[in-house]
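Below: the structure, in structure tokens.
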Amino acid sequence: MEAYFHSVVLDDDKCIGCTNCIKRCPTQAIRVKDGKAMILKERCIDCGECIRTCPQGAKKSITDPIEKIHDYKFKIALIAPSVLGQFDDNTPPGKIISALKIIGFDDVFEVARGADLSTFYTKQLLKKKTERPLISSSCPAVVRLIQARFPDLIDHLITLQSPMEISAALAREKALKNNSDLSDDEIGVFFISPCPAKVTSISNPVGSKESRVTGVLSISAIYPIIIHNLDKATDDEAEVYASSTGIGWAKPNGEVIALGIKNYLSVDGIENAISVLDTIENDKLGHIDFIEITSCPNGCVGGPLNVENKYIARRRIRYLSEKYDALSKNKRPTSAITNTPTTIDDFLFTEPIEKRDFDILGKNMIESMNLMEKAEEIFQQLPDDIDCGACGAPTCKALAEDIALGRAHIDDCIIRLKDKLKMDSKI
Ligand code: SF4
Ligand code: SF4
């Protein structure tokens, strides 16, 4: 496995080097070099902000082609709750499930069911853990942001696997139980994803050694295929097991509504996430029990791999949540909790969450201190902290570090170069 696999990559042909993306990246992972926006692998957290920002569509997320499902004898589609938000009110979840089966999936398992189980176990952790606030670990971009920029908050993270991983385990278990001739490696579990952070979390999981998910299809890639097959699809309502609270996870507040707690914060969007994490790091917000944070604006329905406008999708999720809430009052059979004999130990992290020290410049302490000193000297030679981005680095300080590391030159600063040329012409 690559140390830093990333789903987010640059499409060289489309990038015009406009530098729009460099200032939006929350970890300063982008540099424009020779007119192209390269991503520093060790800094990227796959939040997808650059995909959203690029006016040329030059940043994209690598996912699997649909043909990959045929490498497996038994194919399972894991659908994120946000998938349901992509379709209009005339396309009920049962029809989406039916269309996915027409496409070739043997089973469709809703991640909303894993979300229910996650809610159930998070309630236990809220009683057991003393750190406050506890922070949701369901958004992989937020977990990576904490590893990289807020390592002191790692102990505040909920140590539970994501609803996607929980659902993958449950879906495999169900397939093995119902098909005695099937072995685990003959099952392909494909997550239909709204965001690149989840794609990366399958190749490079945090909190466990390996993912139970086999591959990822983006919502934007599978959406037209589902639409194409809707005419033949039936409304398979009996196959819909998601609860109203599980579906609600796709939108802001969804997780905290499911938890039924009062003392919470719900934060969406990477800049808001950074601001709140900063506040917690400054020893504030200790009076709050739980913080739900998603890096995408408007939660998972705001992920860059969705197709529907995030506000419309959010309304649709709310509508479905209310509908299934009413139905469950009539004893509709929902939820993974009622029929799954699991314990919290089945889904706790098995690996520690490591700090990602990308601010340390060298291989060891002495080398880092020397490089920091060198970067500081270079920084003093740059114009007064104007952070124009014209050099291709997001800030003057970042350029100074790049020069100290040998991946940029002081003449990349065009303001300084212009002043220097002016001075030289006077001599
Ligand atoms: S926003 Fe970034 S990736 Fe997109 S064209 Fe501009 S420099 Fe290239
Ligand atoms: S995916 Fe996020 S962290 Fe990675 S380069 Fe793009 S904006 Fe930066």
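Basis for what follows: all heavy atoms, side chains included, without hydrogens, waters or symmetry-related copies. Residues: numbered from 1 along the sequence shown. When a ligand or atom number is given, it counts from 1 through the structure's own listing order.
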Next on the checklist: Under a 4.0 angstrom heavy-atom cut-off, which atoms of ligand 2 come close to Asp46?
Outcome noted: 1 (S), 4 (Fe)

Next on the checklist: If the threshold is 4.0 Å, N to carboxylate O, is there a salt bridge linking Arg24 and Glu271?
Outcome noted: yes

Checklist entry - Does a side chain donor of either Ser136 or Glu292 reach within less than 3.5 Å of an acceptor in the other side chain? => result no

Next on the checklist: Within a 6.0 Å radius of atom NZ on Lys101, are there more than 12 heavy atoms belonging to other residues, nucleotides or ligands?
Outcome noted: yes

Checklist entry - Just heavy atoms, cut-off under 4.0 Å: does Pro55 contact ligand 1 by side chain, backbone, both, or neither? => result side chain

Item to check | SG on Cys50 to CD1 on Ile30, rounded to 0.5 Å | outcome: 4.5 Å

Checklist outcome for this item: The protein heavy atom nearest to atom 7 (S) of ligand 2 is Cys50 N, 3.4 Å

Checklist outcome for this item: Of all protein heavy atoms, the one nearest atom 4 (Fe) of ligand 2 is Cys44 SG, 2.4 Å

Next on the checklist: Out of all atoms in ligand 2, which are within 4.0 Å of some heavy atom of Glu49? Include the element for each.
Outcome noted: 7 (S)

Check residues 63-83 and write down every donor-acceptor pair under 3.5 Å in which the side-chain atom is one partner and the other belongs to a residue at least two apart or another chain.
residue : atom : partner : partner atom : Å
Asp64   : OD2  : Val216  : N            : 2.8
Lys75   : NZ   : Tyr72   : O            : 2.9
Lys75   : NZ   : Lys73   : O            : 3.4

Item to check | Asp46/Arg144 salt bridge by N-O under 4.0 Å criterion | outcome: no

Item to check | Tyr311 six-ring centre to Arg315 NZ/CZ under 6.0 Å and within 45° of normal | outcome: no

Checklist entry - Which bit of Ile45 is near ligand 2, meaning a heavy atom under 4.0 Å away: side chain, backbone, both or neither? => result both

Next on the checklist: Can you tell me how far apart SG (Cys54) and CG (Leu10) are? Round to the nearest 0.5 Å.
Outcome noted: 8.0 Å

Checklist entry - What is the closest protein heavy atom to atom 8 (Fe) of ligand 2, and at what distance does it sit? => result Cys25 SG, 2.3 Å

Checklist outcome for this item: Atoms of ligand 2 under 4.0 Å from any heavy atom of Thr27, numbered from 1 in the order shown, are 3 (S)

Item to check | Salt-bridge contact Asp107-Arg172 (side-chain N to carboxylate O under 4.0 Å) | outcome: no

Item to check | Per-residue contact class, Ile30 against ligand 2 - non-hydrogen pairs under 4.0 Å | outcome: side chain

Checklist entry - Identify the closest protein heavy atom to atom 2 (Fe) of ligand 2: which residue and atom is it, and at what distance? => result Cys47 SG, 2.3 Å

Checklist entry - Which atoms of the protein, restricted to N, O or S, are nearer than 2.8 Å to atom 8 (Fe) of ligand 1? => result Cys15 SG

Item to check | SB check Lys374 Glu377 (cutoff 4.0 Å) | outcome: no

Next on the checklist: Taking Asp412 first and then Arg407, would you say they form a salt bridge - that is, a charged N and a carboxylate O separated by under 4.0 Å?
Outcome noted: no

